[in-house]
**Student:** 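The structure follows.
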Amino acid sequence: MSDIETIQTNDIWHLEDKSFTSRVMIGSALYPSPKVMKEAIKASGSQIVTVSLRRQSGGSGENPFWEIIKSLGVQVLPNTAGCHTAKEAITTAMMAQEVFGTGWIKVEVIGNQYNLQPDPFELLEATRVLIKEGFRVLPYMTDDLVLAQKLADAGCNTLMPWGSPIGSGRGLMNPYNLKAIRKQFPQLQLIIDAGIGKPSHALQAMELGYDGILLNSAIALAQDPVMMAKAFGYAVQAGRLGYQAGAMTERDMASPSTPTIGVPFWHQVKSL
């Protein structure tokens, strides 16, 4: 067993009603081929894979994509990608539950086509309805502290604020807001979703105390998706270990790392 596999095995975390050892959540779109997708998911160590009802379908019929996902033995997380109203998201979630056989749903309700920013009002409405229907809702949201509170009050156990706009690869635009959300909701599972472009971005998010990372484009659009997936697996684990270890306090002034006790013998004045 490799070092990273040992770390993952010892780092069990709980998301909704299940337990996992990997904190990497990976998307299933944009890969050069289904084969590359499968290899990348395995290389990342991910145990949770997002799927879109609008481009894939489950069921008992023959479906190469669905057969690959099932063969991996992962938790499927359907999403409501492409929805622009609460009504659309609710309908899509209901269909996804029937097709994929899970009550988990990542709720996306896009309010702006320029940066694909979630619509907070429609998102909150869809979340309230779906939670009442018994769904386990993982809402994709902006890094808004007020919205986070309202979603928590609606019954969410998990929040998924963006790092930056979907597919931008810009990393964490507003670490201050993300820190505030982490501090305000220590009891919730927090996952950075969207905008992650490099392993260092994922590491930074994990160092802030986030519980996991969900990404797709950064792996699927890399020159070598499988190698990049492996890199993200290590980065997430490194960030988690760094957070658990507790970073030193930042200082404004320099402080020598080597203690100076006494002076070198050649600086000592010889007694006459």
Side-chain angles (χ1 to χ4, degrees), residues 12-29 41 44 46-61 63 65-110 118-141 147-162 166 185 187-194 210-216:
I12 297 174
W13 69 301
H14 306 283
L15 184 66
E16 297 301 325
D17 59 341
K18 296 191 177 182
S19 299
F20 303 93
T21 54
S22 172
R23 294 172 181 269
V24 179
M25 302 164 67
I26 192 169
S28 55
I41 292 172
S44 72
S46 177
Q47 297 167 314
I48 302 172
V49 176
T50 60
V51 296
S52 172
L53 184 67
R54 291 177 177 248
R55 63 178 294 270
Q56 289 109 20
S57 62
S60 56
N63 184 312
F65 169 84
W66 185 232
E67 293 303 318
I68 289 174
I69 296 298
K70 287 194 295 185
S71 73
L72 292 169
V74 295
Q75 168 67 43
V76 174
L77 176 60
N79 62 50
T80 63
C83 292
H84 294 82
T85 66
K87 184 178 180 180
E88 283 184 316
I90 293 165
T91 300
T92 302
M94 297 289 188
M95 294 172 63
Q97 183 180 42
E98 183 176 346
V99 170
F100 296 110
T102 177
W104 285 36
I105 188 73
K106 173 189 167 184
V107 177
E108 297 181 34
V109 187
I110 300 303
D119 184 321
F121 307 103
E122 297 294 313
L123 172 63
L124 183 58
E125 181 181 347
T127 296
R128 285 171 172 162
V129 171
L130 290 170
I131 286 179
K132 287 180 180 178
E133 291 293 330
F135 282 84
R136 292 188 175 273
V137 175
L138 289 77
Y140 165 59
M141 55 178 285
L147 176 59
Q149 184 63 66
K150 291 187 179 297
L151 288 167
D153 292 342
C156 288
N157 300 310
T158 305
L159 300 178
M160 304 177 74
W162 70 357
I166 295 173
F185 302 99
Q187 78 282 12
L188 298 184
Q189 296 298 308
L190 301 181
I191 297 165
I192 294 295
D193 178 13
Y210 275 70
D211 299 290
I213 304 293
L214 195 159
L215 70 161
N216 187 177

**Student:** Could you tell me whether the side chain of Leu15 reaches within less than 4.5 Å of the side chain of Ile191, counting heavy atoms only?
**Tutor:**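 A side-chain contact exists here, since the closest heavy-atom pair is under 4.5 Å.
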
**Student:** Determine whether Leu138 and Asn79 make a side-chain contact, defined as any pair of heavy atoms from C-beta on separated by less than 4.5 Å.
**Tutor:**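 Side-chain contact under 4.5 Å: no.
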
**Student:** Which side-chain N or O atoms in residues 149-160 pair as donor and acceptor under 3.5 Å with protein atoms at least two apart or in another chain?
**Tutor:**
from: Gln149; atom 1: NE2; to: Asp153; atom 2: OD1; distance (Å): 2.9
from: Asn157; atom 1: ND2; to: Glu16; atom 2: OE1; distance (Å): 3.4
from: Thr158; atom 1: OG1; to: Glu16; atom 2: OE2; distance (Å): 2.7

**Student:** Where do Leu77 and Lys106 come nearest, in terms of heavy atoms and distance?
**Tutor:**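 Heavy atoms of Leu77 and Lys106 come nearest at CD1-N, 3.6 Å.
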
**Student:** I need the Ser46 OG to Leu214 CG distance, nearest 0.5 Å.
**Tutor:**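 Nearest 0.5 Å value for the OG-CG distance: 8.0 Å.
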
**Student:** Would the number of heavy atoms belonging to other residues, nucleotides or ligands and lying under 6.0 Å from CD of Glu98 be above 12?
**Tutor:**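 Not buried by this count: 12 neighbours or fewer within 6.0 Å.
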
**Student:** Can you list, pair by pair, the side-chain donor-acceptor contacts under 3.5 Å of residues 119-133, counting residues two or more places apart and other chains?
**Tutor:**
from: Asp119; atom 1: OD1; to: Phe121; atom 2: N; distance (Å): 3.0
from: Asp119; atom 1: OD1; to: Glu122; atom 2: N; distance (Å): 3.1
from: Glu122; atom 1: OE1; to: Ala86; atom 2: N; distance (Å): 2.7
from: Thr127; atom 1: OG1; to: Leu123; atom 2: O; distance (Å): 2.8

**Student:** Roughly how far, to the nearest 0.5 Å, is the CZ atom of Phe135 from the CD1 atom of Ile105?
**Tutor:**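 Between Ile105 CD1 and Phe135 CZ, I get 6.5 Å after rounding to 0.5 Å.
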
**Student:** With sequence neighbours left out, what residues match Ser71 under side-chain hydrogen bond (donor to acceptor under 3.5 Å, both in side chains)?
**Tutor:**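 Result, side-chain hydrogen bond (donor to acceptor under 3.5 Å, both in side chains) vs Ser71: none returned.
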
**Student:** Quick one: closest heavy-atom pair of Ser19 and His14, and the distance?
**Tutor:**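 Closest heavy-atom pair between Ser19 and His14: OG-ND1, 2.6 Å.
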
**Student:** Which pair of heavy atoms, one from Trp104 and one from Pro78, lies closest together, and at what distance?
**Tutor:**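 In terms of heavy atoms, the two residues are closest at O-CD, 3.3 Å.
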
**Student:** Indicate the atoms forming the closest heavy-atom contact of Ser28 with Asn216, along with that distance.
**Tutor:**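 What the structure gives for the nearest pair is N-OD1, 3.9 Å.
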
**Student:** Could you check whether any side-chain heavy atom of Val76 comes within less than 4.5 Å of a side-chain heavy atom of Trp66, counting everything from C-beta outward?
**Tutor:**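 Yes, their side chains come closer than 4.5 Å.
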
**Student:** Quick check for you: to the nearest 0.5 Å, what is the distance between Ile213 atom CD1 and Met25 atom CE?
**Tutor:**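 One gets 10.0 Å once the value is rounded to the nearest 0.5 Å.
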
**Student:** Looking at Pro118 and Tyr140, what are the two nearest heavy atoms and their distance?
**Tutor:**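 Taking every non-hydrogen atom into account, CG-CE2, 3.4 Å.
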
**Student:** For residues Trp13 and Ser22, report the shortest heavy-atom separation together with the two atoms involved.
**Tutor:**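 The answer is NE1-O, 2.9 Å.
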
**Student:** Rounded to the nearest 0.5 Å, what separates atom CG in Asp211 from atom CZ in Arg23?
**Tutor:**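 Separation between the atoms: 5.5 Å.
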
